[in-house]
S.K.: 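Please find one structure pasted underneath; my questions will follow.
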Amino acid sequence: MTTVAQHPTRHTPNPGQPARRGLAGRIPSPGFETFGGIFGFIYTFLAGNVLMAFANAPLVLCLALVADPAAAWPFFLALSATIPPSLAGLFAAFQALHDDGAAVRPVASYLNGYRRGFRRSAPLGLAAVAALLFLGVDLVIVQSMPAAALLVPVIAAAAAITVSVTVTAIAGVVLLPHAGLKDLLKAALYLTVQRWYLSLATLVLLGIIATAALLQPVLGIALAPAPLLFVIWSNASYAYSAALRTAN
């Protein structure tokens, strides 16, 4: 009987061994949960931008109509008192996105967060606006003084701390719904100093949002705020979680 030699590169398939899959078969295909999560993020961001614009409609309208908002900064700073409650609503929508995933309802979450957080976030906004107005007037006055080189950085640092503490405290309004306003301010000040690098990132991101709103009020407010505020929210949530773990 004649035997045919097998070529060394050929392999006879083993009937008991399943056929090896190709590269396409080894790559996991994205499932429904993946697409649902992506859609949840996009939906929350788009809805959040629209709701933020409605909640701060006077500010958005004046930014679109006034040619040089920087020249009328006290007026626009006063109008920005509506931002903190709207931030509480947006942060509540982000919290719901983290908890519910693809089943998120950003509009309902935003409205509930706005309603629940208004009692604590509105006084925070008024206090922050008053402090920033005071610091802004001081900055204008000291610029003509001989000690301006020393005083201007101090005033700018105080304004930066005020903004960072306010945003961190508003995140605390959502994360710690039963905490008092005084306790939230203490915790926010502590986290702002302890996690200074996160505070610096917050100020940079807020600066990008403010620049986009000043240069292109409609387009900037429609696209920029929510994704960048989500990063700010994530950093604040991490800071609070780390502080609570250390305390326990």
Side-chain angles (χ1 to χ4, degrees), residues 41 44-60 63 76-99 104 106-132 159-177 179 181 183-185 187-189 191-192 195 198-214 217 220-240:
F41 274 94
T44 302
F45 289 163
L46 292 177
N49 284 335
V50 172
L51 291 167
M52 287 283 289
F54 275 112
N56 302 283
L59 177 62
V60 175
L63 282 174
F76 283 96
L77 188 57
L79 287 179
S80 65
T82 59
I83 293 178
S86 66
L87 269 183
L90 186 64
F91 288 166
F94 292 156
Q95 181 66 35
L97 177 65
H98 175 268
D99 295 339
V104 67
V107 177
S109 301
Y110 181 97
L111 295 177
N112 289 333
Y114 189 100
R115 177 179 52 82
R116 290 195 304 264
F118 185 87
R119 184 176 58 86
R120 289 182 295 168
S121 59
L124 282 173
L126 293 175
V129 166
L132 291 174
I161 292 173
T162 299
V163 172
S164 184
V165 168
T166 302
V167 174
T168 306
I170 293 170
V173 167
V174 177
L175 291 166
L176 305 171
L181 193 56
D183 294 333
L184 282 177
L185 284 173
L189 180 59
L191 293 177
T192 297
R195 307 279 179 176
L198 296 181
S199 302
L200 183 61
T202 294
L203 293 173
V204 171
L205 293 173
L206 289 176
I208 295 173
I209 295 173
T211 302
L214 289 174
I221 293 172
L223 298 178
L228 300 181
L229 289 171
F230 180 78
V231 178
I232 294 174
W233 157 256
S234 300
N235 289 341
S237 178
Y238 164 76
Y240 276 105

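As the structure is a prediction and not an experimental result, all values here were calculated from the model.
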S.K.: I'd like to know whether CZ of F76 has more than 12 heavy-atom contacts from other residues, nucleotides or ligands below 6.0 angstrom.
M.R.: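 Yes, CZ of F76 has more than 12 neighbouring heavy atoms, counting only those of other groups under 6.0 Å.
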
S.K.: Roughly how far apart are F91 CZ and Y114 OH, rounded to 0.5 Å?
M.R.: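 So the CZ of F91 and the OH of Y114 are separated by 14.5 Å.
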
S.K.: Answer yes or no: is there a donor N or O on one side and an acceptor on the other, between the side chain of S237 and the main chain of W233, under 3.5 Å?
M.R.: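 It does not hold such a pair.
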
S.K.: To the nearest 0.5 Å, how far apart are CG in L189 and CG in L184?
M.R.: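 CG of L184 is found 12.5 Å from CG of L189.
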
S.K.: For G48 and L90, which heavy atoms make the closest approach, and how far apart are they?
M.R.: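 Of all heavy-atom pairs spanning G48 and L90, the closest is CA-CD1, 3.6 Å.
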
S.K.: Give a yes or no answer on whether the side chain of S80 reaches the backbone of L77 with a donor-acceptor pair at less than 3.5 Å.
M.R.: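 Checking the backbone N and O of L77 against the side chain of S80, a donor-acceptor pair under 3.5 Å is found.
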
S.K.: Decide side-chain contact (heavy atoms from CB on, under 4.5 Å) for L124 and L185; before the verdict, give the C-alpha distance in whole Å, the side-chain angles of both, and the deciding distance to 0.1 Å.
M.R.: CA-CA 9 Å; L124 282 173; L185 284 173; 3.4 Å; yes

S.K.: Measure across V60 and A53 and return the closest heavy-atom pair with its distance rounded to 0.1 Å.
M.R.: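 The pair with the smallest heavy-atom distance is CG2-O, 4.0 Å.
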
S.K.: Rounded to the nearest 0.5 Å, what's the gap from OG on S86 to CZ on F54? Could you check?
M.R.: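 The CZ atom of F54 is 13.5 Å from OG of S86, to the nearest 0.5 Å.
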
S.K.: Check the pair T44, Y110 against side-chain contact (heavy atoms from CB on, under 4.5 Å), reporting the backbone distance first and the verdict last.
M.R.: CA-CA 9 Å; T44 302; Y110 181 97; over 6 Å; no

S.K.: Give the minimum heavy-atom separation between L181 and P123, together with the two atoms involved.
M.R.: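 Smallest interatomic distance, heavy atoms only, reads CD2-CB, 4.1 Å.
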
S.K.: Decide yes or no on side-chain contact (heavy atoms from CB on, under 4.5 Å) for L229 and M52, but give the supporting numbers first.
M.R.: CA-CA 11 Å; L229 289 171; M52 287 283 289; 4.1 Å; yes

S.K.: Test side-chain contact (heavy atoms from CB on, under 4.5 Å) on F94 and V174; report intermediate values, then the result.
M.R.: CA-CA 10 Å; F94 292 156; V174 177; over 6 Å; no

S.K.: Distance check, rounded to the nearest 0.5 Å: N235 atom CG versus L191 atom CG?
M.R.: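 One gets 11.5 Å once the value is rounded to the nearest 0.5 Å.
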
S.K.: Could you report the tightest heavy-atom contact between A92 and S109, atom names first, then the distance?
M.R.: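 Looks like CB-O, 3.7 Å.
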
S.K.: For the side chain of R116 and the backbone of A88, is there at least one donor-acceptor N/O pair under 3.5 Å apart?
M.R.: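 Not a single qualifying donor-acceptor pair exists.
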
S.K.: Might you point out which heavy atoms bring A236 and A171 nearest each other, and give the distance in Å?
M.R.: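 That would be CB-CB, 3.6 Å.
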
S.K.: Which heavy atom in V173 sits nearest to a heavy atom in R120, and how many Å separate them?
M.R.: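 The pair with the smallest heavy-atom distance is O-NH2, 2.9 Å.
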
S.K.: Let me confirm one number: the CD1-CG distance from I209 to L228, rounded to the nearest 0.5 Å.
M.R.: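 Reported to 0.5 Å precision, the distance equals 4.5 Å.
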
S.K.: Just how far is it from atom CD1 of I232 to atom OG1 of T202, taken to the nearest 0.5 Å?
M.R.: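 Between atom CD1 of I232 and atom OG1 of T202 there are 5.0 Å.
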
